[in-house]
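Since we're looking at a predicted model, the values are computed, not measured.
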Amino acid sequence: SAGTHTRLTKCQQHKPNPILTITARRWEGAYEGGWELYDRDHILTQVTRLKDARQQVIDYLDSIDPKTPHDDWDIRIASTL
């Protein structure tokens, strides 16, 4: 009816999850190697296995911003060899 105001539910107000593209650069150590994970030219963290890179980035982001859930972010890992 006229004058009825419909409130959007939280689901309807949902904004798209941020997209974060991370560059993984390989490094070799004395005993084993790993990957340095960069956001543009800024190193965020490191990980031993590339398959664990996304979760490592989530853990890092959670440590610096614990109030924001990062597990549903679109985190893309691009490796350089």
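The side-chain contact (heavy atoms from CB on, under 4.5 Å) test with V47 is passed by exactly one of Q55, R54, Q56: Q56.
Here the CG-CD1 distance, from L20 to I77, works out to 8.0 Å after rounding to the nearest 0.5 Å. Distance check, rounded to the nearest 0.5 Å: OG of S63 to CG of L44 gives 10.0 Å. Here D41 contributes atom CG and I43 contributes atom CD1; the two are 11.5 Å apart, rounded to the nearest 0.5 Å. Separating the CG atom in D72 from the CG atom in N17 is a distance of 4.0 Å, to the nearest 0.5 Å. The distance from the OH atom of Y38 to the OG1 atom of T45 is 11.5 Å, given to the nearest 0.5 Å.
Under the 4.5 Å side-chain criterion, counting only non-hydrogen atoms from C-beta, Q46 is in contact with W27. At least one side-chain heavy atom of I75 sits less than 4.5 Å from a side-chain heavy atom of I22.
Minimum interatomic distance between A24 and L37 (heavy atoms only, all atoms of both residues): CB-CD2, 3.7 Å. Heavy-atom minimum distance, L61 versus H70: O-CE1, 3.3 Å. Minimum interatomic distance between W35 and R49 (heavy atoms only, all atoms of both residues): CD1-C, 4.2 Å.
Hydrophobic clustering of Ile, Leu, Val, Met, Phe, Trp and Tyr side chains at less than 4.5 Å, counting indirect connections, keeps V57 apart from I19.
Residues forming a salt bridge (Lys or Arg N to Asp or Glu O under 4.0 Å) with D74 (at least two apart in sequence, or on another chain): R76. The side chain to side chain donor-acceptor pair (under 3.5 Å) test applied to T68 returns D65, not counting sequence neighbours.
The salt bridge (charged side-chain N to carboxylate O under 4.0 Å, His left out) analysis of residues 28-39, with sequence neighbours excluded, yields the pairs R26-E28.
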